[in-house]
Visitor: 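Let me begin by handing over the structure; questions about it come next.
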Protein chains: 2
Amino acid sequence: MDRFHDLCDRLHQKEYKLTPQRKIILQALLLDEDGHLSAEDLYGIVKQKHPEIGLATVYRTLELLADMDILQKMDFGDGRLRYELTGDEAHHHHHLICTQCGKVYEFEDDLLDSLEQAIQKRKNFKIVDHQLKFFGICHHCQNQETRD
Amino acid sequence: MDRFHDLCDRLHQKEYKLTPQRKIILQALLLDEDGHLSAEDLYGIVKQKHPEIGLATVYRTLELLADMDILQKMDFGDGRLRYELTGDEAHHHHHLICTQCGKVYEFEDDLLDSLEQAIQKRKNFKIVDHQLKFFGICHHCQNQETRD
DNA sequence: ATCTATGCAAATCATTTGCACCGTC
DNA sequence: GACGGTGCAAATGATTTGCATAGAT
């Protein structure tokens, strides 16, 4: 069974209705390549083939999917939330955000486990999630700087 | 020379005028204990003794101070920006954000340097800054959970 | 048939901006 | 006195919400 039908099942199980809009949005999310779509981005994609769809529905669906842990809300500091499909559990990656062009890259890593342990003990703080973001200049923009 | 006069000097050097509003806001920032004020927070504090001050001025001053690297803008995902005084350079700390009560704790650490090196090489990404946030339940709220 | 989901428009809420006046340098 | 800074109100832009209707179960 593919990812799409798996997700449809999860909606069913929670007694959520499987509306065409939700299917369309799910498909678009699964098809998206680089995976850091904002609500407006997704709305733009989805509207091409289905102009009747409303922006509010996109927001509501994203919220729903985030509540179900199908999506993660991400905030890259550009004034809008972005959403990415939740990957395999415990498979953390970090984000490299280019402050020049705004593109977001990913970096695989799990080095934070020991740090989390230390914090849990030292601060008695029960950690549920973490977010690590690096801000800087991507290789593409570095090259362009040289040319200026 | 204390911190306040030091900062006033830095404004002078940049040809910025030393208005009473700016002094008031600087004082309030320096006096603040836990140091994660939003613009609205600061406005509330400052307005008590100086009701004439405008919210727009608070925003403009915070923006100015952030541009001068006197303040860091922080986004803890609660829909408003928070500002904290920039500490000694290269003295990074991370934030523990309680998802229950919203309080923000700090954790001193410098373990990320080696990770930054690795990223610079592997991804050819010139890192300028990073932000590490841990989301979870603070010890205070953990105790309260037990009582419910 | 029931009750949730949708589309639209209006409402929110943090932040920004236009503009006439004020005060620092 | 010049020009940057301020206060106020109105503008912005992402997200949310009220409400009447449409549609999945």
Side-chain angles (χ1 to χ4, degrees), chain A residues 5 7-26 28 36-68 70-83 102, chain B residues 5 7-26 28 36-68 70-83 102:
Chain A
H5 291 97
L7 293 177
C8 289
D9 278 356
R10 288 176 62 184
L11 287 177
H12 261 140
Q13 282 161 27
K14 294 251 187 177
E15 316 247 77
Y16 293 130
K17 289 181 183 165
L18 212 46
T19 65
Q21 291 89 332
R22 286 177 178 169
K23 287 186 198 167
I24 291 162
I25 289 170
L26 273 177
H36 300 107
L37 295 175
S38 68
E40 202 80 44
D41 290 342
L42 189 55
Y43 179 54
I45 293 171
V46 140
K47 214 174 32 177
Q48 288 174 31
K49 297 201 170 179
H50 305 270
E52 350 70 64
I53 213 164
L55 179 55
T57 299
V58 173
Y59 274 105
R60 282 187 281 233
T61 304
L62 289 172
E63 188 64 32
L64 179 77
L65 297 175
D67 282 351
M68 292 178 68
I70 290 172
L71 295 177
Q72 297 295 130
K73 285 187 187 184
M74 307 260 77
D75 184 339
F76 296 131
D78 63 347
R80 75 209 63 199
L81 290 173
R82 295 175 177 283
Y83 299 80
Chain B
H5 291 98
L7 294 178
C8 288
D9 278 355
R10 288 176 64 183
L11 287 178
H12 260 141
Q13 283 161 30
K14 294 250 187 179
E15 316 247 78
Y16 293 131
K17 289 180 185 167
L18 210 47
T19 64
Q21 291 89 334
R22 286 178 178 168
K23 287 187 200 168
I24 291 162
I25 289 170
L26 272 178
H36 300 107
L37 296 175
S38 68
E40 202 80 46
D41 290 341
L42 189 55
Y43 180 53
I45 293 171
V46 140
K47 214 174 30 178
Q48 288 174 32
K49 297 201 170 179
H50 306 270
E52 349 70 64
I53 213 164
L55 178 56
T57 298
V58 174
Y59 273 105
R60 282 187 281 232
T61 304
L62 289 172
E63 188 63 32
L64 179 76
L65 297 175
D67 282 351
M68 294 179 66
I70 290 171
L71 295 177
Q72 297 296 128
K73 285 187 185 183
M74 307 260 76
D75 186 340
F76 296 130
D78 62 347
R80 75 208 62 200
L81 291 173
R82 295 175 177 282
Y83 299 81

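Note that the structure is a prediction, hence the values are computed from the model and not measured. Each chain gets a letter, A, B and so on, in the order its sequence line appears, and its residues count up from 1. Every heavy atom of this structure was used, including side-chain atoms; hydrogens, water molecules and symmetry mates were not.
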Visitor: My understanding is that only residues two or more places apart in sequence, or in another chain, count here; which of them pass salt bridge (charged side-chain N to carboxylate O under 4.0 Å, His left out) with A/Glu63?
Guide: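 Partners of A/Glu63 by the salt bridge (charged side-chain N to carboxylate O under 4.0 Å, His left out) criterion, ordered by chain and then number, come out as A/Lys73.
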Visitor: Please identify each residue that fulfils ring-ring contact (aromatic ring centres under 6.0 Å, His included) with A/Tyr16, with sequence neighbours left out.
Guide: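 By the ring-ring contact (aromatic ring centres under 6.0 Å, His included) rule, A/Tyr16 matches no residue at all.
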Visitor: Less than 4.5 Å apart, any side-chain heavy atom of A/Lys23 and any of A/Leu26?
Guide: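 A/Lys23 does not reach A/Leu26 side chain to side chain.
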Visitor: According to the side-chain hydrogen bond (donor to acceptor under 3.5 Å, both in side chains) rule, which pairs have a member within residues 37-51 of chain A, sequence neighbours left out?
Guide: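 Sorted result for residues 37-51 of chain A: A/Ser38-A/Asp41, A/Asp41-A/Arg82.
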Visitor: Could you give the angle between the helix axes at the two ends of the helix from C/dA1-D/dT25 to C/dC25-D/dG1, with five pairs per end, rounded to 10 degrees?
Guide: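 The value is 30°.
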Visitor: Rounded to the nearest 0.5 Å, what separation is found between the CG atom of B/Leu62 and the CG atom of B/Leu81?
Guide: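 Taking CG in B/Leu62 and CG in B/Leu81, the distance rounds to 9.5 Å.
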Visitor: Quick one: on DNA chain C, does A/Tyr43 or B/Pro20 contact a more 5' nucleotide (nearest heavy atom)?
Guide: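 Of the two residues, A/Tyr43 wins.
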Visitor: Can you check the A/Lys23 NZ to C/dT6 P distance for me, whole Å?
Guide: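 Whole-Å distance recorded here is 12 Å.
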Visitor: Chain B on DNA chain D: first and last contacting nucleotide, 5' to 3', under 4.0 Å to a heavy atom?
Guide: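 The footprint of chain B covers D/dC3 to D/dC8.
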Visitor: Would you jot down, in residue-number order, the residues of residues 45-54 of chain B having a non-hydrogen atom under 4.0 Å from DNA chain C?
Guide: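 None, since no heavy atom is under 4.0 Å.
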Visitor: Collect all protein-nucleotide pairs involving nucleotides 2-4 of chain C in which both atoms are nitrogen or oxygen and the distance is under 3.5 Å.
Guide:
{"from": "C/dC3", "atom 1": "O2", "to": "A/Lys17", "atom 2": "NZ", "distance (Å)": "3.4"}
{"from": "C/dT4", "atom 1": "O4'", "to": "A/Lys17", "atom 2": "NZ", "distance (Å)": "3.3"}

Visitor: Is there a side-chain contact between B/Arg22 and B/Ile24, using heavy atoms and a 4.5 Å cut-off?
Guide: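 SC-SC contact between B/Arg22 and B/Ile24 ruled out.
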Visitor: Within less than 4.0 Å of OP1 or OP2 of C/dT24, is there a side-chain N or O belonging to B/His12?
Guide: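 No, because none of the side-chain N or O atoms of B/His12 sits under 4.0 Å from OP1 or OP2 of C/dT24.
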Visitor: Which value, rounded to the nearest 0.5 Å, describes the distance between B/Met68 atom CE and B/Leu64 atom CG?
Guide: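 Nearest 0.5 Å value for the CE-CG distance: 6.0 Å.
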Visitor: Has B/Thr57 got a side-chain atom pairing as donor or acceptor with B/Ile53's backbone, closer than 3.5 angstrom?
Guide: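 Flag not set: sc B/Thr57 to bb B/Ile53 has no pair under 3.5 Å.
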Visitor: Using side chain to side chain contact (heavy atoms under 4.5 Å, CB included) as the criterion, list what pairs up with B/Ala56, not counting sequence neighbours.
Guide: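 B/Ala56 satisfies side chain to side chain contact (heavy atoms under 4.5 Å, CB included) with B/Arg60 once adjacent residues are dropped.
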Visitor: Return yes if some donor-acceptor pair links the side-chain N/O of A/Arg10 with the main-chain N/O of A/His5 below 3.5 Å, else return no.
Guide: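 Side chain of A/Arg10 to backbone of A/His5: no pair is present.
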Visitor: Any chance you could measure A/Leu65, atom CG, to A/Ile70, atom CD1, to the nearest 0.5 Å?
Guide: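 Reported to 0.5 Å precision, the distance equals 5.0 Å.
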Visitor: The criterion is side chain to side chain contact (heavy atoms under 4.5 Å, CB included); which residues satisfy it with A/Ile45, sequence neighbours excluded?
Guide: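 A/Ile45: side chain to side chain contact (heavy atoms under 4.5 Å, CB included) contacts with A/Ala28, A/Leu37.
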Visitor: Considering all heavy atoms of both residues, which atom of A/Ala39 and which atom of A/Tyr83 are nearest to each other, and what is their separation?
Guide: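 Residues A/Ala39 and A/Tyr83, closest heavy atoms: N-CE1, 4.3 Å.
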Visitor: Can you pull every protein N or O that's under 3.5 Å from an N or O on nucleotides 11-16 of chain C?
Guide:
{"from": "C/dT15", "atom 1": "OP1", "to": "B/Leu81", "atom 2": "N", "distance (Å)": "2.7"}
{"from": "C/dT15", "atom 1": "OP2", "to": "B/Tyr59", "atom 2": "OH", "distance (Å)": "2.5"}
{"from": "C/dT15", "atom 1": "O5'", "to": "B/Tyr59", "atom 2": "OH", "distance (Å)": "3.3"}

Visitor: Within a radius of less than 6.0 Å around CD of B/Glu15, do more than 12 heavy atoms belonging to other residues, nucleotides or ligands occur?
Guide: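 It does not: B/Glu15 CD has 12 such atoms or fewer within range.
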Visitor: Within this structure, what is the CG-OG1 distance for the pair B/Leu11 and B/Thr61, rounded to the nearest 0.5 Å?
Guide: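 It is 9.0 Å, given to the nearest 0.5 Å.
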